[in-house]
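Report on the following structure.
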Amino acid sequence: MSEAETLFGDAHVQRYRETDGEVGHIWRRGATTTPLIYAEADGVFVVVASKGGAPTDPGWYRNLAKNPDVQVQIKGDAFSARARTATGAERDRLWELATRQWPDYDEYQRRTERQIPVVVLERT
């Protein structure tokens, strides 16, 4: 098991930042994380508000409704972005992309009645 695979939450974020993503960018089963697993599509980044299939959205997602302006770091690239929730055909396409990155998302969706949000992060 790699060092990154043992890290979670704040410890993961701290180690990631200390090493500009050298430790922690690739997490488990090859998934990229910062500390959220993400996918890249058409110049934007995609994250999934799964909360493991819990009945409610994660706190970070609810915070985006109040303030969609975020700071993102992917390896040594730190930048400002604006978050928005994908809908319709875009959401369907991005969900497929996200599940290729982390197949467990499909299982998480089966665990909950809510539609798990797919969030698009666009550089500002």
Side-chain angles (χ1 to χ4, degrees):
M1 183 178 291
S2 72
E3 177 186 357
E5 290 177 287
T6 66
L7 298 171
F8 292 92
D10 291 343
H12 189 166
V13 172
Q14 178 181 345
R15 191 70 178 123
Y16 187 97
R17 287 180 176 159
E18 289 171 349
T19 66
D20 282 339
E22 187 66 31
V23 174
H25 185 74
I26 303 299
W27 188 50
R28 293 186 175 180
R29 297 187 309 226
T32 53
T33 176
T34 66
L36 295 173
I37 295 168
Y38 75 93
E40 188 173 359
D42 306 320
V44 300
F45 297 96
V46 178
V47 293
V48 176
S50 68
K51 198 176 177 183
T56 60
D57 293 325
W60 65 261
Y61 177 73
R62 292 190 308 270
N63 289 339
L64 291 179
K66 295 175 186 171
N67 184 5
D69 297 316
V70 298
Q71 295 297 308
V72 177
Q73 182 175 347
I74 298 180
K75 294 190 172 183
D77 184 17
F79 56 93
S80 297
R82 186 160 192 85
R84 64 176 175 79
T85 302
T87 59
E90 179 190 38
R91 185 212 179 269
D92 294 343
R93 179 178 62 83
L94 296 176
W95 177 263
E96 290 300 317
L97 176 68
T99 60
R100 284 195 300 268
Q101 179 66 260
W102 191 253
D104 295 2
Y105 288 141
D106 283 328
E107 176 57 31
Y108 300 164
Q109 185 61 74
R110 285 190 285 277
R111 291 181 191 166
T112 187
E113 293 181 17
R114 70 183 171 96
Q115 183 179 58
I116 294 175
V118 175
V119 177
V120 177
L121 303 170
E122 298 172 302
R123 287 179 186 262
T124 54

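The structure places OH of Tyr108 at 12.5 Å from OG1 of Thr99, a figure rounded to the nearest 0.5 Å. Ile37 contributes atom CD1, which lies 4.0 Å from atom OH of Tyr105 (distance to the nearest 0.5 angstrom). In this structure, Thr87 OG1 and Asp92 CG are separated by 9.5 Å, a value rounded to the nearest 0.5 Å.
Summarising the geometry of Pro58 relative to Ala49, their closest heavy-atom pair is CD-O, 3.5 Å, with the distance given to 0.1 Å.
Residues Ser80 and Gln71 meet the side-chain proximity criterion, which asks for heavy atoms closer than 4.5 Å. At a threshold of 4.5 Å between non-hydrogen side-chain atoms, the residues Val48 and Trp102 do not count as touching. Here the side chains of Arg93 and Asp42 are in contact, with some heavy-atom distance below 4.5 Å.
For the pair Arg82 (side chain) and Thr124 (backbone), a donor-acceptor distance under 3.5 Å is absent. With hydrogens and angles disregarded, a donor-acceptor distance shorter than 3.5 Å links the side chain of Gln109 to the backbone of Ile116. Between the Arg91 side chain and the Val118 main chain, no donor and acceptor come within less than 3.5 Å of each other. A donor-acceptor pair under 3.5 Å links the side-chain atoms of Gln73 to the main chain of Lys75, judged by distance alone.
Taking the six-membered ring for Trp and thresholds of 30 and 60 degrees, Phe45 and Tyr38 have ring planes more than 60 degrees apart, a perpendicular arrangement.
When each of Asn63, Leu121, Val47 is paired with Val70, the side-chain contact (heavy atoms from CB on, under 4.5 Å) condition holds for Leu121 and for no other. For the side-chain contact (heavy atoms from CB on, under 4.5 Å) with Val119, the lone residue among Leu64, Val44, Val46 that qualifies is Leu64. Each of Thr112, Thr56, Asp57 was evaluated against Lys51; a single residue qualifies, Thr56, per the side chain to side chain donor-acceptor pair (under 3.5 Å) test.
Salt bridge absent: Arg100 and Glu96 never bring a charged side-chain N and a carboxylate O closer than 4.0 Å.
Remark: Arg62 CZ is packed, more than 12 non-hydrogen atoms of other residues, nucleotides or ligands lying under 6.0 Å away.
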